[in-house]
Amino acid sequence: MNIIKDINKELLDIFEKAGYPVESIELKPSQRKDLGDFQINDCMKLASVYHKAPVQIANDIKELLDKDDKFTNVNIAGPGFINITLSDNYIIDSVNKIVPNPEDLIEKLSDETVVIDYGGANVAKALHVGHLRSANIGEALKRLAQKVGYKVVGDAHLGDYGRPLGFVETEIKRRYPDLPFFDENFEGNYDDVELPISNEDLEEIYPIASAKAKEDEEYLEEGRIITNKIQHHEKGYYDLWKRIVDISKADIKTCYDELNVDFELWNGESDAVEYFDDLDKLVKEKNLVRESEGAQVIDVAEETDKIDIPPLLYIKSNGSISYATTDLCTLVQRKKENDPDEIWYVVDHRQSLHFTQVFRAIEKLGVFKQDQLTHVGYGTMNGSDGKPYKTRDGGIMTLKALLEEVYESTLNRINNDKVTKEEAPEIAKKVSIAALKYADLTPSVDTDYIFDIEKFTDIEGKTGPYVLYSTIRMKSLLNNAKDMDNNKISYIDNDLKEMYLSILDLPNVLEKAINAKSLNDITDYLYIITSQFNTFYAKNKVLTEEDLDKRTTWLTLTKVLFEISNTLLDILAIEVPEKM
Ligand code: ARG
């Protein structure tokens, strides 16, 4: 249900009836609530079309609006702006319609299939702060898209292919040369071989191995050869690679679990590369590659480009596949396995050139059209120096360390009167995740923002803890109310009207969010409704109110707000604790 759309349709009819047919009408929330809830400015534009004074057109429209009992206080301001106010009855009736199920406010906006590529974790490498926004934004977009009707497939798209893993095996081989994985004559089952390496070891090995490969020519060469063996599924090396992927994946999963992030697909780049032959056939058919300094490239520049778009690197001069080519393979794979209408890539905005190249190349290959593919490029989370957030000593901040930091800060702020020592850790966990997610989703997707732990974990202000606290307050009010069987709104005043209008605006908030592929409209909205509720709650003694109509109205309103708040927090993948 979307009353704004209903009213829009009705206004179109009225304009037509009055003799001024128009394509669309702009119904703007009024800046001056004393004049009306909404303002219609279209008479100004129509004046030149019909060669009439705008005020004359406005008067003709007003005459019809006055006859419609949805509207009251229709008045004309200035040279021809029409102010309208929705009648109390219309507002109350509209809210009552959704009282039994507030989710009726959520419209189906699409039935398309969309693959959302988010996560992008790399095997054998710790998740770091850079992965946080992809996980948070991707998961929330996925849940939002599902709510508004999309069929959604989330794909973790693991970075499990390429030289870094060859180097990791090189290092393992040097440390444990006697492991059966390196023994050509080994006859047993690799799955039974005990591996003396944990996920922590992998995280320690990865940077060391990469650094050694940069300095040591011999190491580099060995790494190259091993990478090649892995990529050709050579016995032993390939089996070790699979074990490394499993260890790492298990750890990556636990980390995503903490963020309430879950993927339908755990495909990796290596799965996509299986489609290289299919891709290469298309590339050859279309005759798209050319030699450039020993490498093979695909030209993707277009005449209208304002900046230089270099060719896509297809095959590197050393014969290996580039990152862009793994993405082309992934598109061939997705076409075949999921055949989606759209694909959204939730990846750091610094990769925008990469995606421009990939999207153009795949269109040239006739697999997907560019307008089916969207790079949802997000800004970075920065430290107070304006650079990507680091540890105190300037190192890369792992996601685990970041979560721990936010958890500690939240635990210190937990209210000891309400929460026992035993309950505190679990509650602090949920609240800390809420604090981090809400802060991460509040700036619009493409902007950078500064990590400010004190601000994010504060229970006052536009924060996750504030929204959670307010939601829990709604719930406890409902729990303490005994006469909730009479679910009906029958009373209105200025404060209530504002809340009713907020409630009825929900479908437009969701539509705006999905169109922008950004969650900030939802975090804003949550802050608005919880703040409105808190103001109302401070002013009124709901439970002891004697006027039954008032009390029932208040409690019904609280129930609706509580359910909306829960639905939206669930879209943001934020869990609500029992208390805090
Ligand atoms: N693993 C990549 C990285 O760490 C991100 C992958 C993003 N997704 C994609 N389809 N390219 O940079």
Side-chain angles (χ1 to χ4, degrees), residues 114-139 141-142 152-168 202-203 206-207 210 244-245 248-249 251-253 255-256 261 263-276 279 300 312-314 320-338 340 342-362 367-368 370 372-381 388 396-399 445 517:
V114 57
V115 169
I116 308 186
D117 180 318
Y118 67 108
N122 297 310
V123 162
K125 211 172 158 185
L127 282 168
H128 56 80
V129 290
H131 294 109
L132 181 72
R133 290 202 89 190
S134 181
N136 286 341
I137 296 166
E139 181 70 24
L141 266 189
K142 187 175 86 176
V152 191
V153 183
D155 184 5
H157 197 70
L158 282 184
D160 60 353
Y161 188 83
R163 265 206 268 165
L165 287 167
F167 297 144
V168 168
L202 288 175
E203 289 176 0
Y206 189 104
S210 306
I244 293 172
V245 172
S248 183
K249 213 166 151 173
D251 185 72
I252 289 170
K253 261 196 171 128
C255 213
Y256 281 134
V261 168
F263 301 94
E264 282 67 35
L265 295 177
W266 279 87
N267 285 341
E269 291 176 10
S270 68
D271 298 297
V273 169
E274 301 287 315
Y275 286 80
F276 178 74
L279 170 71
V300 290
L312 176 147
L313 179 59
Y314 183 57
S320 62
I321 289 175
S322 72
Y323 174 46
T325 302
T326 62
D327 263 321
L328 292 177
C329 292
T330 311
L331 282 160
V332 173
Q333 177 186 19
R334 287 182 180 148
K335 181 77 194 174
K336 197 153 182 183
E337 294 180 359
N338 312 95
E342 288 183 46
I343 305 177
W344 304 344
Y345 293 84
V346 185
V347 182
D348 192 321
H349 63 182
R350 287 171 294 184
Q351 292 198 26
S352 84
L353 175 62
H354 163 79
F355 285 109
T356 302
Q357 293 173 314
V358 169
F359 295 173
R360 288 183 180 186
I362 206 72
V367 181
F368 284 102
Q370 283 186 63
Q372 295 179 277
L373 310 170
T374 307
H375 173 207
V376 183
Y378 55 81
T380 49
M381 184 177 97
I396 287 184
M397 185 81 165
T398 65
L399 196 48
V445 159
K517 299 190 179 59

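Every number for a ligand or one of its atoms is a count from 1 in the order of the listing.
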Residue Gln351 vicinity, atoms of ligand 1 by number, heavy atom under 4.0 Å: 12 (O)
Quick one: CG on Asp327 to CD1 on Ile321, what's the gap to the nearest 0.5 Å? 12.0 Å
Would you say Asp327 and ligand 1 have an N/O pair spaced under 3.5 Å apart? yes
Suppose I only count heavy atoms of Val347 and a 4.0 Å limit; which atoms of ligand 1 are within that range? 7 (C), 8 (N)
protein heavy-atom neighbour closest to atom 8 (N) of ligand 1 works out as Asp117 OD1, 3.2 Å
Any nitrogen or oxygen of Glu269 lying under 3.5 Å from a nitrogen or oxygen in ligand 1? Just yes or no. no
Would you compute the distance between atom SG of Cys255 and atom NE2 of His131 and round it to the nearest 0.5 angstrom? 10.0 Å
Tyr323 near ligand 1 by a heavy-atom separation under 4.0 Å: yes
Just do the ring-ring contact (aromatic ring centres under 6.0 Å, His included) check on Tyr378 and Tyr118 with the steps written out, would you? CA-CA 11 Å; Tyr378 55 81; Tyr118 67 108; over 10 Å; no
Do Gln351 and Tyr323 have side chains that get closer than 4.5 Å, going by heavy atoms? yes
Ion pair present between Asp160 and Lys249, side-chain N to carboxylate O less than 4.0 angstrom? no
With backbone taken as N, CA, C and O and side chain as the heavy atoms from C-beta onward, which portion of Asn122 lies under 4.0 Å from ligand 1: side chain, backbone, both, or neither? side chain
Aromatic rings Phe263 and Tyr256: how do their planes relate, parallel, tilted or perpendicular, breaks at 30° and 60°? perpendicular
List ligand 1 atoms under 4.0 Å from Tyr345, heavy atoms only on the residue side. 10 (N)
Can you tell which part of Phe355 has a heavy atom less than 4.0 Å from ligand 1: side chain, backbone, both or neither? side chain
Quick check on Thr330 - does any of its heavy atoms sit under 4.0 Å from an atom of ligand 1? no
Do Leu141 and Lys517 make a side-chain contact, defined as non-hydrogen atoms from C-beta onward lying under 4.5 Å apart? yes
